[in-house]
Every structure is written in C-alpha cells, then in structure tokens.
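Numbers restart at 1 for each chain; the letters A, B, ... are given by sequence-line order, proteins then strands.
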Amino acid sequence: MLTIEELLFRSVAACVRELWGAECESGMIQLQKTKREFEGDITLVVFPLLRLSHRPPEQTADAVGRWIAERHPEITAYNVIKGFLNMVIHDAYYVRMLNAAATDHDFGHRHPETGSDPCLVEYSSPNTNKPLHLGHIRNNLLGYAISNILMANGIRVVKTNLVNDRGIHICKSMLAWQRWGNGETPSSSGKKGDHLVGDYYVRFEREYRQQVEQLVQAGQRQEEAEKNAPLMLEAQELLRRWEAGDTEVIALWKMMNGWVYEGFDETYRRLGVDFDIVYYESDTYLHGRDAVMEGLAKGVFKRHDDGSVWVDLREEGLDEKVLLRSDGTSVYITQDIGTAMLRHRRFHPSRMIYVVGNEQNYHFRVLALVLGRLGFPWAASLHHLSYGMVELPEGRMKSREGTVVDADDLMDEMTETARTMSLELGKLEGLDETEKEDIYRVIGLGALKYYILKVDPVKNMTFNPSESIDFDGNTGTFIQYTHARIRSVFRKAEELGITVPREVPDRAPLNGKEREIIKLILDFPAVLRDAADTCNPSLLANYSYQLVKEYNQFYHDHSILREENKDIRSLRLVMSSTVGRVVKDAMNLLGIEMPDRM
RNA sequence: GGUUCCGUAGCUCAGUUGGAUAGAGCAACAGCCUUCUAAGCUGUGGGUCGGGAGUUCGAAUCUCCCCGGAAUCACCA
C-alpha cells in the first residue's frame, strides 16, 4: 500500500511539473510531520521549490496546496503559514493504516533474504581475570540489542564473543591463587567463579604495589621497581611457561578459566544475552602472524633492525604501528587481524560489527587500514560500534579504588529495589511467589537496561549508583507499567464479555489524541530501520517512551470499557492492543521483557 | 603536542535530511484515587543549545577558530 508520504511526494513532483514546467531535484520535496501547534498532519516545506516557482513562499505553497487538494480526497484541508504548507489527512486513511498495522503480525519487520550473507556482531569480549562490571553491561546490552534490531530488519546475524583468555592478566590471578589460595575453589568457598578469580587478581595487584613501594624506598626508580618486583617477574615467567605449553601451568589455566566461564555464563543468562559462536584468543592469537609475514613479503609492511614488524600509516594521518614484536610474538592487533580473516573465511559476512568501547577507536581505524593494505576488499565492511564510557559522579570507575560497579551486584540491587517498591504498592497480591519473583526481576532488569540503552551509544554517560535508576518518569518501568495496564484492559474486557475486534470495523472519527497515537504507531517501521542503519538502539528506546507517554495521557482521558463509550470502543481497543504489541516488540528487541501485570 | 569524540534547563537525557515558538524525566511547588492499575495524570517555574565568526530564506544540527571535558597516540590488551 502506498503511504501518504509516497503519494504526496509524487503528487508534488507532478504539480511542479504541471504548474511551472520544472523537474524537482532530489531533496527539494521536503515532507515532515506537522508541528503540534499547527493544524495539519503533514507539512511540505516549500522554500526549496521557490527556485522553480519564481513566486513568494505563500503563493507557492497555496498553489501546491490547491492543486493537491483538488486531486486527492485524502487531503481534506490545507493551510499555509509562511513557507509551510500544512495538510490535513482524512481520518479514514489513518483508520485504514491502523488496521493494516493491527493485523500484520510482523508489523515493521522484514523477512530475511534467502542465501544472503550474514552480518557478524562481536560483543562482550571479556577478560578472564575479573568479573563483568557496568561497562560490560553497556557493551552486552548494545551488542545484543543491535543484533536483534538487524534481525528484525531481515538481516541474518551471527553473534560472536571473543574471549581474551590469555596473557599476563590471567597469569597474575593464577600466581596469586597458587601463593595464597590454599586450594580454594568456587564450591569450597561458595563464591561465584569469576568473582573468586577476580579476588585473586586484586590480591596480586595489592601485593605487587607493596613490593614496588618497598623497592622505591630502597632507592629504585618507579619504572625500575615496576619491572623488577619479584611478583611481576614471576607472573611473566608463568606466561612464558604457558606459551611453552607447560602442562602444569596449562592445567591451572584451564581450571581457573573454567571457573570464570561458569560465572560469566550465569551473568549472561541473567542479563539475557547469548552468542552463536565464542572465539577464544588462545585459539586465534597465532593466526594473524602468517598474514603479517605475507604482508612483509609483499612489501606493505617494514621490518625494523631489531626484527619487529611495523605498518606505516602516516599517509593516513596516523602513526607507525607495531604488528609483530622483535621476538616474533604477536601483539593485540595481530590477533584481531587473524580473527577477522578466520571469520571472513567461514561466514563471508557482508558486515562485521565490533561493539567495543571508544577507547579503542584508534585501534579499529588501524585494523581496517591494515586489512586493506593486505589487499582484502572486505576491509571496508568492518564497522566499529563505538560507545562511550560509563562514568561515576566522581569520574571513571577504578578497580584500584574499589569504585567498580559489579554487574551481578547491580542486578541484585535492581531486583531488590523492584521488590521493595512492588511490595509497597501491593499490586501483585493473588500471584504466587515464583510469579512475583519473576516480575521483580523483570522490572529491576528492565529499569537497568532501559536506563543504559536510552542513551546515544556515542556519548559517555554518568551513572549515579544511589539515585540514577528511577522507577518513575522516562524509565523502562513506566513503559512496562503502561503495557501491563493495556493487558489489564483486555483481561477486564474478557470478564465483561466484550469482544475485541481484530480491526476497526467502522469509520469512527478520530480525535486529536487518537491521531497522534496512530501516527506514532505508523512510525515504528521507519524507526526500526533507522536503528539498524545507524546501529543505534537508543532510537527504539526513545521511540517507545514517546509512544507510551502519549498513550498514557490518552488512557486517563478516555475510558475504553465504559458503557457510554460503546460505539467508539472498537477503535480504542484496536489502538490499545496495537500500542501494546508495538511497544512490547520494540522493548523485546532491546532485550527488555514486558510483564502482563505489575 | 597530534588525532578522534563529547558539550542542550540545577541534575540525567531526547531533539528526524538544516525548517516554524528547542522537548521529556528527576528535583521544587500546586492540584487529581467511588472512575479500565496513582510505578500514573494535570498545572507552575526553570534555556546565551560552551563562546565567536561563516554558509543559508532558515543553524542545537553544516564549516572554521577558540574554551572546557574525555579517549588515544605502547614491542599492554
């Protein structure tokens, strides 16, 4: 079905051709929603057309308005204010479009093209030496949400996680555990595996700092002391033995990483995110080396006298960047080169999206350029979905100062707060305990997820642990609450024996509020597309709030089930159920569950 | 110092391709529960869109310069 925008677009072009004998160039026909304070639904901005009409704005707008109104019964009236032509659209059009949305189970969604290449999304990518924190939550929510949004747009998605399971950081935890652990395990201590390992990492850092301090007091320079501290030397020795395949070290590494994975799995499960494929750096870190050596042979990279291999990106405005160490071992980016190649060989992705914090903007520019230098045409398909840091009121989270907001703790607190508030309101009486607990969980997590996802990813955001997350106002809770009330209307309708039509059978006139809401519903497909095109889930979050806010005002003024509203009930019921469905759909794409009651 | 990003109400954030008088929530104050769930609704107050110049019929939005903040520029990951 032709939307009214498409119809008007063509109509304006035809009008200009007929009246002034000119063709519209792209961008000249600007249609937008009419501002609330003016009468009308769609507005044509006529300024760009003045070049063709050679008339003042008002005359141009009036001429176009008259031409269109004479030919299209959908336009019932128009008015001109300065260079703006506001057109009023017939109620029947909106009722028809509402019905189309109401009866389309995949409203706004597109079906995947068969045989098309997938989009690969990498997110989470944790280190295995400490538990997940608030920054990881932003990462995971963004990655999971954008994957869902792409899928809703008919794109096949492969969700991947690249676990950084090797390196000096995990050796530090291992060393501390060997020293001070006394064989402690998750089951012996009752601690979650990732937290247990994280505690030993913290222990290492604490002891290490003491050693450094002692060396400095004994007369060494800070940098010297940091290199010479016995604990650091031991950790490095452990890394060497790991790389040499020492069975004892490998066994310890496997055991402790196993604990961490159990812990991560639980956190992921609670957070509601998942992956199709998990890559481990210990498997992939060697693969990039061959590619770098090939590039060296082709002359796109250079070897320095000490044997290290470099890429010179000064022409692109960047610096020289090391790709292989002088001892031949790989660095961080080497591993990413290898991983990208492995993935490309296996999936032929049309796009590779990396959800990684903005502190790695430089890294991903380099990665794309290096892959380009190596001659891979798909280097251009890399997309870094960069997001800002989550900061605390006093600044950045610092593990040294114990200001890291732990993911598990935060989810616990959110659920707990939801429980307390729910009990105060006392609306869940009559439900059994497991149902109640599930609703507390859904509300607590919904508030957290929405709070994070409503912010534009590119921006740093502030998280105030004591007062940030409200359950009032522009929150996930409010959206869930409105949904729960809509569901309640339908439960009541059933009790009252009111039949709910699938679509609006009559041609009831619309009031202003109803039009606003229907227009918002009809925006959903475009918002969903924009969110995918710009890799920005916050568009969906803010859209959901806007829709629900509008609906909630309507809800108060327009009783749906009252007997005196019988004749307009069908419209209101169809509208309500469609709002409920769209909002639930949008929120689910963000990973936010929608309770039927709360 | 170089590069990139951010700067909108006291606070947290929206703001569509450049479009009309820049919007929400929190906080403050005043109302609304015989009425489909008050986690809600209605109203009041609150702005040099960091500053300046430019482009344009029109700039929070695009360009340049400055100010403030963040990240990064490692043989760390």
Under a 3.5 Å distance rule, please check whether Asn79(A) uses its side chain to pair with a backbone N or O of Glu39(A) as donor and acceptor. yes
Does OP1 or OP2 of rC41(B) have a side-chain N or O of Lys549(A) closer than 4.0 Å? yes
Quick one: label Ser559(A) by what it contacts on the DNA or RNA (base, sugar-phosphate, nothing), any heavy atom closer than 4.0 Å. base
For the side chain of Arg166(A), starting at C-beta, report the closest nucleotide among rA20(B), rC73(B), rA77(B). rA77(B)
Under 3.5 Å, is there a donor-acceptor pair between the side chain of His136(A) and the main chain of His133(A)? yes
Per atom distances to the Asp472(A) side chain, the nearest of rA77(B), rA20(B), rC26(B) is rC26(B)
Just to be sure I understand the rule, does Arg396(A) reach a base, reach only the sugar-phosphate, or reach nothing, if contact means heavy atoms closer than 4.0 Å? sugar-phosphate
Both distances under 3.5 Å, Watson-Crick or G-U wobble: report the partner of rU35(B), or none. none
Arg562(A) near the nucleic acid: base, sugar-phosphate alone, or nothing, with a heavy-atom cut-off under 4.0 Å? base
Among the nucleotides rG19(B), rC41(B), rC26(B), whichever has the atom closest to the side chain of Asp470(A) is rC26(B)
Checking only heavy atoms, does the side chain of Ser538(A) share a donor-acceptor pair with the base of rA14(B) at less than 3.5 Å? no
Does any nucleotide pair with rC29(B) by Watson-Crick or G-U wobble geometry, both distances under 3.5 Å, and what is it? rG43(B)
Tell me: CD of Glu316(A) to C1' of rG2(B), nearest whole Å? 16 Å
Anti or syn, where syn is a glycosidic angle within 90° of 0; which label fits rC32(B)? anti
Using a heavy-atom cut-off of under 4.0 Å over every strand shown, decide if Ala484(A) touches base, sugar-phosphate, or nothing. base
Scan Ile170(A) against the nucleic acid and name what it touches under 4.0 Å (heavy atoms): base, sugar-phosphate only, or nothing. nothing
When all nucleic acid strands are considered with a 4.0 Å heavy-atom cut-off, which category describes Val45(A): base, sugar-phosphate, or nothing? base
By nearest-heavy-atom nucleotide on RNA chain B, the more 5' of Phe554(A) and Asn164(A) is Phe554(A)
Which of rA20(B), rC41(B), rC73(B) is nearest the side chain of Lys82(A)? It is rA20(B)
Quick one: does Asn536(A)'s side chain have a donor or acceptor within less than 3.5 Å of a partner on Asp456(A)'s backbone? no
Kindly say if Gln546(A) contacts the phosphate of rA14(B), meaning a side-chain N or O under 4.0 Å from OP1 or OP2. no
Backbone N or O of Glu226(A) within a donor-acceptor pair of the Tyr208(A) side chain at under 3.5 Å? yes
Assign Leu324(A) to base, sugar-phosphate, or nothing according to its heavy-atom contacts below 4.0 angstrom with the strands shown. nothing
Report the C-alpha separation of Ser576(A) and Tyr551(A) in whole Å, then their side-chain angles, then the decisive distance to 0.1 Å, and conclude whether the side-chain hydrogen bond (donor to acceptor under 3.5 Å, both in side chains) test is met. CA-CA 8 Å; Ser576(A) 295; Tyr551(A) 178 82; 2.7 Å; yes
Using atom types as modelled and distance alone, determine if a side-chain donor or acceptor of Ser326(A) lies under 3.5 Å from a backbone N or O of Ser308(A). no
By the 4.0 Å heavy-atom rule, please label Asp557(A) as base, sugar-phosphate, or nothing. nothing
Testing rU4(B), rG40(B), rC73(B) for proximity to the side chain of His556(A), the answer is rG40(B)
Please work out if Ser386(A) contacts a base, only the sugar-phosphate, or nothing of the nucleic acid, heavy-atom cut-off 4.0 Å. nothing
Are Arg365(A) and rC73(B) close enough that a side-chain N or O sits under 4.0 Å from OP1 or OP2? no
Quick one: label Tyr545(A) by what it contacts on the DNA or RNA (base, sugar-phosphate, nothing), any heavy atom closer than 4.0 Å. sugar-phosphate
Measure from the side-chain heavy atoms of Leu539(A) and tell me the nearest of rU4(B), rG15(B), rA74(B). rG15(B)
Remember a base hit wins even if backbone is also touched, and classify Lys35(A) as base, sugar-phosphate or nothing at under 4.0 Å, heavy atoms. base
Working note: Glu316(A) + Lys321(A), criterion salt bridge (charged side-chain N to carboxylate O under 4.0 Å, His left out); need CA distance, chi angles, decisive distance, verdict. CA-CA 12 Å; Glu316(A) 283 86 351; Lys321(A) 182 85 188 171; over 6 Å; no
Touch class at under 4.0 angstrom, heavy-atom based, for Met598(A) against every strand present: base
Contact class for His304(A) (heavy atom, under 4.0 Å): base, sugar-phosphate, or nothing? nothing
Side-chain atoms of Asn127(A) come closest, of rU42(B), rG40(B), rA77(B), to rA77(B)
Touch check for Phe84(A), heavy atoms < 4.0 angstrom, all strands: base, sugar-phosphate only, or nothing? base
How long is the line joining CG of Leu50(A) and P of rU56(B), in whole Å? 16 Å
Nearest to the side chain of Val331(A), heavy atoms from C-beta on, is which of rA77(B), rC41(B), rC6(B)? rA77(B)
Can you figure out which of rC13(B), rA77(B), rC6(B) approaches the side chain of Gln360(A) most closely? rA77(B)
Suppose we call a contact any N or O donor and acceptor under 3.5 Å apart; does that hold for the side chain of Asn86(A) and the base of rA20(B)? yes
Less than 4.0 angstrom between a side-chain N/O of Lys459(A) and OP1 or OP2 of rA70(B), yes or no? no
